[in-house]
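What follows is a set of notes on a single structure, which appears directly below.
Start at 1 with the first residue, then count along the sequence.
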Amino acid sequence: MWFLQKYMQKITLIFSLVFYFAFSGSSTANIIIDAPELRCVSVNNNGTVDLTWQIPVDPFGTFNSYHVYYSNNPLGPFAVVDSIFIYATSTYTHTTVNVYNQPAYYYLKSRSGLSGTDYSDPSDTLAAIRLNTNLFFGTQAQLTWNPLHTPNLPSASPLYDIQNSLPLGSPYVLLANTPYGTETYTHVRYLCGEQVAYYIELSDALGCVSKSTLDTVLFKDLLPPSYQLFDSISVNPATSLAHMGWKPSPSPDTEGYYIIRPLGGGMFQIVDTVFGINNTYYQYALSNAGSQSEMYCIAAFDSCRNYVNNQFDIHQTVYLQLKDDDCEKSIKLNWNKYSGFKLGVTYYQIFESENAAPYTLLTTLSDTFYTRLGANDGSTYQYFVKAVDNNGLGAYTSMSNVQQIVPQFPNTPQYLYLYYATVADSFETKITTLVDTSADIKEYKLWKALNENGPYNTIQTIQAGSNTSLSVSFSDTDVNTKYQSYYYKISAVDVCGVEQMVSNIGKTILLEVYGDVSDEKISITWSEYEKWNASVKAYNIYRGVDSYVETNPIATVSANVHHFTDDISEYLKGQGRICYVVEAVENDTVYVGNFPSAFSRSNMVCALLSPVFYIPNAFVPGGDYNPVFKPSIIFSDYSKYNMMIYNRWGQKVFETNDIEQGWDGTFNGVVVEGGVYVYTLYLGTKNGIYHHRKGSVTVLR
């Protein structure tokens, strides 16, 4: 029955359209309906948007759907956000947008026609109204917003309604009207701390309203109390905190004072608040005036927290610093100028206490430095400085931090011993010196020469600082240890810049290596290590392959021997690089701190040896002697290997990639005939070198 009804409806529509077109002369285009007339775009409090439109006329019932298009740019691109399939629908809520974050533009289309697939032209593009409010001078709220459409829609009101909630939270009421095309309004209020909310409305003859986003502004009085003056700032000797005082503000609406610190570059930071017009004393708990000079200023504020923020009476504490000059047995005092007194500082007074005795006035001066001569070694001295205003007639003074010092005069070192100078690699040597940590040394200098008698040049300086280590180590990277020995010595410079001691000399070992492949021997020679106090006990000789030296020496020779010949006839593996290092070992001796006897290593030198091939020219398959044809290769650590054997007709009878596998004289399991066979041999070493051998071998039967 349902199918029959739908069928009859469609037959009736077709006959009606045929009759209409036959007698009216209309074209089939008239069955495509217009786009809905978009009239209102209203923003909800959560940023979503309600759209309202005039439903288009559909005389032949060809409606299929409405389509809502959206973009955050008036020039597009626009995208379909939803489709509506109920003809009588005239509203839609776009829930996946937040107009508070970005603009929103909309237009609509209809889809209709005999097939239900024809789209209408788009409707007018309307914008969601976004309100922006700026506050000027604390009393003027300037509202600006974008129009719904340009020009105004014919059906829309010619006036915007400006609604406000005052105070915030009360019902919204009409504040004012402005003509369409004037998208701005200024609301003036003179109260303190009053927050007001606004939105814009534009009504339409359809009965809908386009509502803007909400915006709020906080009105507040911007007239601050009078410019505030400081009296003075001092450093509390008991707490080392900055403490300050001032007179009450003359402005009766003052509710308190901001404690402010300048940050530099015209920037200021409020660090604390003092409430009460008559509270005129303050100590900053986070002050560090015992370790640095600090600047402060204050500003009186009213109930609206207004204060003069472009002009400050800045005062700076006096920070006293002490330094003992051990070279002249004096104490040097210096401090920064106090700033802030209106008539300036007339003079400074220095007060001194020795070994906890009462403070006494040491001197009065206008400078910001002073040298206390004749200090007693080991005494405890305490000082503070007082800045005096107006030649002592003024009401204000400022006291600095209290500083303490115990002058100690330099101790000279009892020893300075170059423990060893050793080669680290081809371009670095390392030098270690045993030092007297009880000495007052400022720095250690490393000197280098190419000959024992010099000239020596300073190549590196290490600051001693608070060094508690019994040794000081240097690294010299301006060397080429493969070709040159180097002489080193160390000097110790005390805090007065005097060179107190110079160490013994240390000379690095230069090693030279010569390889003789035919004799399967390598000879090495080296220079003597110089100059340990206990002299050289012996030399250890280490051998390795390709820059890797084994941990155990292959030989040890006496101190007067400086050469060695190494038999490498059984040393058959490797990449052809046999490397050596010689190590000098000091005679047994006792050092401060239980340091062991010293050692010094030479440079590493390697002999590059080519692989040696031993290839037989005949063999007897299965015989008692030489039953398998296999080459013997020494001085080679191969990465690739291949051997192929051909008969006299060029037929390959054997191939292997295994260096340990030889040819047993068979082909396909049968012993070949006696005669001459050709072999080719390829060997690739790990250092990227390839070797090729080709020859003949005779099979004997």
Could you tell me if the side chain of [Y] sits less than 4.5 Å from the side chain of [X], heavy atoms only?
| X | Y | result |
| --- | --- | --- |
| Thr380 | Gln404 | yes |
| Leu175 | Tyr185 | yes |
| Phe268 | Asn309 | no |
| Lys386 | Tyr338 | no |
| Val49 | Val41 | yes |
| Thr280 | Asp231 | no |
| Leu174 | Gln163 | yes |
| Thr96 | His94 | yes |

Donor-acceptor contact present, side-chain [X] to main-chain [Y], <3.5 Å:
| X | Y | value |
| --- | --- | --- |
| Asp440 | Asn411 | yes |
| Ser398 | Ser232 | no |
| Thr184 | Leu143 | yes |
| Tyr100 | Leu214 | yes |
| Asn134 | Gln142 | no |
| Tyr105 | Ala128 | no |
| Ser234 | Met399 | yes |
| Asp302 | Pro224 | no |
| Asn46 | Asn98 | no |
| Arg130 | Val99 | yes |

Considering all heavy atoms of both residues, which atom of [X] and which atom of [Y] are nearest to each other, and what is their separation?
| X | Y | answer |
| --- | --- | --- |
| Asp324 | Val406 | OD2-O, 4.4 Å |
| Ala35 | Lys109 | CB-CA, 4.1 Å |
| Gln403 | Asn401 | CG-ND2, 3.3 Å |
| Tyr307 | Ala299 | CD1-CB, 3.6 Å |
| Pro36 | Pro56 | CA-CD, 4.0 Å |
| Ser469 | Thr437 | O-CG2, 3.0 Å |

More than 12 heavy atoms of other groups within 6.0 Å of [X] [atom1]:
| X | atom1 | value |
| --- | --- | --- |
| Leu361 | CG | yes |
| Lys323 | NZ | no |
| Phe369 | CZ | no |
| Asp478 | CG | no |

Can you list every pair that meets disulfide (SG to SG under 2.5 Å) and has a residue in [range], with sequence neighbours left out?
| range | answer |
| --- | --- |
| residues 203-301 | Cys40-Cys208 |
| residues 317-389 | Cys327-Cys496 |
| residues 140-179 | none |

Completion exercise
With Arg39 as partner, the option from Asp204, Thr52, Asp124 fulfilling side chain to side chain donor-acceptor pair (under 3.5 Å) is Asp204
Any pair with a residue in [range] that passes salt bridge (charged side-chain N to carboxylate O under 4.0 Å, His left out), sequence neighbours left out, goes on the list, sorted by first then second residue, please.
| range | answer |
| --- | --- |
| residues 149-171 | none |
| residues 346-357 | Glu352-Arg372 |
| residues 263-283 | none |

Got a sec, which residues hit ring pair (Phe, Tyr, Trp, His ring centres under 6.0 Å) with [X], two or more places apart in sequence or on another chain?
| X | answer |
| --- | --- |
| Phe351 | Phe384 |
| Tyr92 | none |
| Tyr381 | none |

Exercise for the section: Please state whether the rings of Tyr70 and Tyr106 are parallel, tilted or perpendicular, taking 30° and 60° as the class boundaries. Expected result: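 Rings of Tyr70 and Tyr106: tilted, 30 to 60°.
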Exercise for the section: Scan side-chain atoms only and decide if Ser251 and Ser226 contain a donor-acceptor pair under the 3.5 Å cut-off. Expected result: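 Yes, because at least one side-chain N or O of Ser251 sits under 3.5 Å from a partner of the opposite role on Ser226.
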Handout entry: Test item: side-chain donor near acceptor, Asp436 and Ser438, under 3.5 Å
Key =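 Looking only at side-chain atoms, Ser438 and Asp436 do form a donor-acceptor pair, the distance falling under 3.5 Å.
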Practice task
From the options Asp313, Ile314, Val308, select the one residue that forms a side chain to side chain contact (heavy atoms under 4.5 Å, CB included) with Gln311.
Solution key: Val308
Practice task
Go through the steps for Ser293 and Gln316 under the test side chain to side chain donor-acceptor pair (under 3.5 Å), then give the verdict.
Solution key: CA-CA 7 Å; Ser293 176; Gln316 182 175 5; 2.9 Å; yes
Problem - Qualifying residues under side chain to side chain contact (heavy atoms under 4.5 Å, CB included), relative to Glu328, sequence neighbours excluded - result: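 With sequence neighbours excluded, Glu328 shows a side chain to side chain contact (heavy atoms under 4.5 Å, CB included) to Asp325, Ser330, Lys332, Thr371, Leu373, given in chain and number order.
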Practice task
With sequence neighbours excluded, give me every ring pair (Phe, Tyr, Trp, His ring centres under 6.0 Å) pair touching residues 139-163.
Solution key: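 Non-adjacent pairs meeting ring pair (Phe, Tyr, Trp, His ring centres under 6.0 Å): Trp145-Tyr160, Tyr160-Tyr180.
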Problem - Separation between CG of Leu446 and CD of Gln460, rounded to the nearest 0.5 Å - result: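 Spacing of CG (Leu446) from CD (Gln460) equals 6.0 Å.
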Handout entry: Under the salt bridge (charged side-chain N to carboxylate O under 4.0 Å, His left out) test, residues paired with Glu201 that sit two or more places apart
Key = none
Practice task
Take Asp377 and Lys329 through the test salt bridge (charged side-chain N to carboxylate O under 4.0 Å, His left out) and record every step on the way to the result.
Solution key: CA-CA 8 Å; Asp377 186 14; Lys329 297 185 178 181; over 6 Å; no
